[in-house]
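In what follows, residues are counted from 1 in the order of the sequence shown.
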Amino acid sequence: MSVTVFTMTHKKFDEPKDGIYVPLHVGRAKAKDLGYAGDDTGDQISAMNCYYGELTGVYWIWKNFKTDGAVGVCHYRRYLVDDQDVILTEKEYETLLQRYDIITTKVLRLNCAYYDGYAANHHIKDLIETGNVIREKYPDYYNVYERIVHSNKTLFGNIMVTSKQLFDEYAAWLFDIFFEVQKRIDIDSYDDYHKRVFGFISEILLLVWITQRKLSFYECKVGMLGEKKETIEMKHQLAAYFKRKDIAGAKAYFLSSLEKRPDVLMEASDIYGELKLSMQVISTCDLEQQAYGSSVLDRTTDFRELMRYFSRLNAIAAKMRDGEDTLEDRAYLKNENVSKIALQIAMQIAGALSNAPYGTGLGKPYKM
């Protein structure tokens with residue numbers, strides 16, 4: 001059985017050496033040609049990429065790619081990997097597909113119901129209308145949809161590998177729903193981030209479809225390759241604010257950026273956790289300045305040193321939470337003159353992490 005995994009991209013990238021991974025330029029109808037095969041040929045919806053994201057590539061594969069083997073979708077920065085964070089090979093896919101109907105990401109366990117999280121970050125009427133369309137067009141799926149959308153589970157990234165037959169059946173179901181939903185919502189009134197309605201909602205619909213069809217699926221780790229440009233740019237800007245000891249400016253910039261792109265704090269974007277650490281820097285320095293008239297920025301304004309300092313502090317706080325801190329840890333806190341405020345915030349973070357339900361299943365940067 002042959003396996004073809006289309007790597008969805010909107011920019012040039014270092015392609016995996018394994019030839020089963022084929023770059024597919026999504027949204028090419030309205031973008032500069034990158035030299036890759038695009039989703040703008042044959043039967044296609046490439047021009048609607050601003051609403052559908054990588055799903056314009058899924059549509060293109062469904063309508064235009066013919067194979068008797070397996071087909072799948074990954075991203076230019078996200079790949080399915082083994083337990084050693086090595087990108088899966090054709091042989092590994094073939095072996096897994098002998099036992100499972102679909103290979104996809106690990107099921108994410110969220111801190112709240114998917115419905116509540118969506119309502120907090122998107123236009124909830126879009127999710128409600130999706131449920132209405134499912135009830136009308138696919139009533140057998142509606143109870144499963146309602147149960148899953150009000151649970152704390154979802155899948156990640158529209159990443160999957162399966163037989164072409166199942167891929168086509170899923171795509172036909174998915175786009176039949178979304179094309180009707182699109183008629184019922186005022187999507188063009190949204191900003192660029194929130195316009196990507198169908199890319200967001202499709203992640204949970206894949207889980208709905210798999211569950212209703214009673215398909216067996218293998219939950220696979222996702223390996224990350226590099227950070228998003230938005231993440232890198234935010235870190236550069238925050239480093240400049242820290243260098244100037246401008247915590248008020250850093251806070252305003254961070255909140256403004258987060259409003260535009262709430263996804264930057266997701267593990268898929270902030271893969272090294274440095275934006276979360278930057279939030280901690282801002283909160284700690286803000287409170288320290290109010291309480292003491294000085295902050296950790298009076299000792300260092302270097303971004304890398306700040307990341308190391310707060311990473312070490314969080315590690316110690318986690319050990320203190322579990323009663324496993326050492327004399328060396330206590331000496332570090334004393335020698336670095338760590339404030340009560342800094343330690344309290346680190347302890348709060350450690351407590352939040354210990355209460356988080358499971359992990360995301362996202363791996364480290366993959367190995368070729």
salt_bridge([X], [Y]) N-O dist < 4.0 Å:
{"X": "Arg78", "Y": "Glu54", "value": "no"}
{"X": "Glu146", "Y": "Arg135", "value": "no"}
{"X": "Arg184", "Y": "Glu180", "value": "yes"}
{"X": "Asp85", "Y": "Lys221", "value": "yes"}
{"X": "Lys30", "Y": "Asp40", "value": "no"}
{"X": "Arg330", "Y": "Asp325", "value": "yes"}
{"X": "Lys195", "Y": "Asp191", "value": "no"}
{"X": "Asp33", "Y": "Arg28", "value": "yes"}

Could you check whether any side-chain N or O of [X] sits under 3.5 Å from a backbone N or O of [Y], counting only pairs where one atom can act as donor and the other as acceptor?
{"X": "Ser46", "Y": "Ala29", "answer": "yes"}
{"X": "Ser256", "Y": "Tyr253", "answer": "no"}
{"X": "Thr104", "Y": "Ile159", "answer": "yes"}
{"X": "Gln84", "Y": "Val86", "answer": "no"}
{"X": "Ser151", "Y": "Ile148", "answer": "yes"}
{"X": "Ser202", "Y": "Gly199", "answer": "yes"}
{"X": "Ser216", "Y": "Asp101", "answer": "yes"}

Please confirm whether the ring centroid of [X] lies under 6.0 Å from the ring centroid of [Y].
{"X": "Tyr145", "Y": "Tyr141", "value": "no"}
{"X": "Tyr114", "Y": "His150", "value": "no"}
{"X": "Tyr93", "Y": "Tyr100", "value": "no"}
{"X": "Tyr79", "Y": "Tyr21", "value": "yes"}
{"X": "His25", "Y": "His10", "value": "no"}

From [atom1] ([X]) to [atom2] ([Y]), nearest 0.5 Å:
{"X": "Phe254", "Y": "Met234", "atom1": "CZ", "atom2": "CE", "answer": "4.5 Å"}
{"X": "Leu238", "Y": "Leu277", "atom1": "CG", "atom2": "CG", "answer": "11.5 Å"}
{"X": "Leu108", "Y": "Thr154", "atom1": "CG", "atom2": "OG1", "answer": "6.0 Å"}
{"X": "Ser295", "Y": "Ile247", "atom1": "OG", "atom2": "CD1", "answer": "6.0 Å"}
{"X": "Gln280", "Y": "Leu306", "atom1": "CD", "atom2": "CG", "answer": "11.0 Å"}
{"X": "Thr7", "Y": "Arg77", "atom1": "OG1", "atom2": "CZ", "answer": "13.5 Å"}

Donor-acceptor pairs under 3.5 Å, side chain of residues 57-65 to any protein atom, not counting sequence neighbours: which ones?
unit_1 : atom_1 : unit_2 : atom_2 : d
Tyr59  : OH     : Asp43  : OD1    : 3.0
Trp60  : NE1    : Thr41  : O      : 3.2
Trp60  : NE1    : Thr41  : OG1    : 3.0
Asn64  : OD1    : Asp43  : N      : 3.3
Asn64  : ND2    : Asp43  : O      : 2.8
Asn64  : ND2    : Trp60  : O      : 3.0

Min side-chain heavy-atom separation [X]-[Y] under 4.5 Å:
{"X": "Asn152", "Y": "Cys112", "value": "no"}
{"X": "Ser278", "Y": "Met307", "value": "yes"}
{"X": "Ser2", "Y": "Glu90", "value": "yes"}
{"X": "Val73", "Y": "Asn158", "value": "no"}
{"X": "Leu110", "Y": "Lys153", "value": "no"}
{"X": "Val26", "Y": "Tyr52", "value": "no"}
{"X": "Phe175", "Y": "Leu55", "value": "yes"}
{"X": "Val181", "Y": "Val197", "value": "no"}

Inset, instruction - Report yes or no: is the cationic atom of Arg312 (NZ for Lys, CZ for Arg) closer than 6.0 Å to the six-membered ring centre of Tyr332, at no more than 45° off its axis? - result: yes
Legend entry - Face-on cation placement of Arg196 at Phe198 ring, 6.0 Å and 45° thresholds: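 Output no; distance or angle outside limits.
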Legend entry - Residue pair Tyr36, Phe6: steps toward the ring pair (Phe, Tyr, Trp, His ring centres under 6.0 Å) verdict: CA-CA 11 Å; Tyr36 302 134; Phe6 286 93; over 10 Å; no
Inset, instruction - Decide side chain to side chain donor-acceptor pair (under 3.5 Å) for Asp126 and Tyr190; before the verdict, give the C-alpha distance in whole Å, the side-chain angles of both, and the deciding distance to 0.1 Å. - result: CA-CA 12 Å; Asp126 303 336; Tyr190 301 168; 2.9 Å; yes
Legend entry - Phe167, Tyr138, Tyr170 screened by ring-ring contact (aromatic ring centres under 6.0 Å, His included) with Trp209, the one that passes: Tyr170
Please report the closest heavy-atom contact between [X] and [Y], naming both atoms and the distance.
{"X": "Cys285", "Y": "Leu297", "value": "SG-CG, 3.7 Å"}
{"X": "Val5", "Y": "Val3", "value": "CG2-CG1, 4.0 Å"}
{"X": "Glu274", "Y": "Phe303", "value": "OE1-CE2, 4.0 Å"}

[X], [atom1]: over 12 other non-hydrogen atoms inside 6.0 angstrom:
{"X": "Gln290", "atom1": "CD", "result": "yes"}
{"X": "Lys164", "atom1": "NZ", "result": "yes"}
{"X": "Asp68", "atom1": "CG", "result": "no"}

Legend entry - Sequence-distant partners of Glu219, side-chain contact (heavy atoms from CB on, under 4.5 Å), two or more places apart: Lys106, Val107, Arg109, Phe217
Sequence neighbours left out, cut at 3.5 Å: what donor-acceptor pairs do the side chains of residues 339-347 make with other protein atoms?
unit_1 : atom_1 : unit_2 : atom_2 : d
Ser339 : OG     : Glu288 : OE2    : 2.6
Ser339 : OG     : Ala342 : N      : 3.0

Inset, instruction - For the residue pair His122 and His194, categorise the inter-ring angle as parallel (less than 30°), tilted (30 to 60°) or perpendicular (more than 60°). - result: perpendicular
Legend entry - Polar side chain donor-acceptor pair, Asp186 to Ser189, under 3.5 angstrom: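 Per modelled atom types, Asp186 and Ser189 side chains form a pair under 3.5 Å.
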Legend entry - Distance-only donor-acceptor check, side chains Glu136 and Asn132, under 3.5 Å: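 Not at all, the side chains of Glu136 and Asn132 share no donor-acceptor pair under 3.5 Å.
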Inset, instruction - Apply side chain to side chain donor-acceptor pair (under 3.5 Å) to Glu92 and Thr95, showing your working. - result: CA-CA 5 Å; Glu92 288 171 312; Thr95 299; over 6 Å; no
Legend entry - Thr326/Asp329 under side chain to side chain donor-acceptor pair (under 3.5 Å): CA gap, chis, key distance, verdict: CA-CA 5 Å; Thr326 65; Asp329 294 329; 3.1 Å; yes
Legend entry - Verdict with supporting geometry, Glu233 and Gln237, side chain to side chain donor-acceptor pair (under 3.5 Å): CA-CA 6 Å; Glu233 175 61 20; Gln237 294 294 332; 2.8 Å; yes
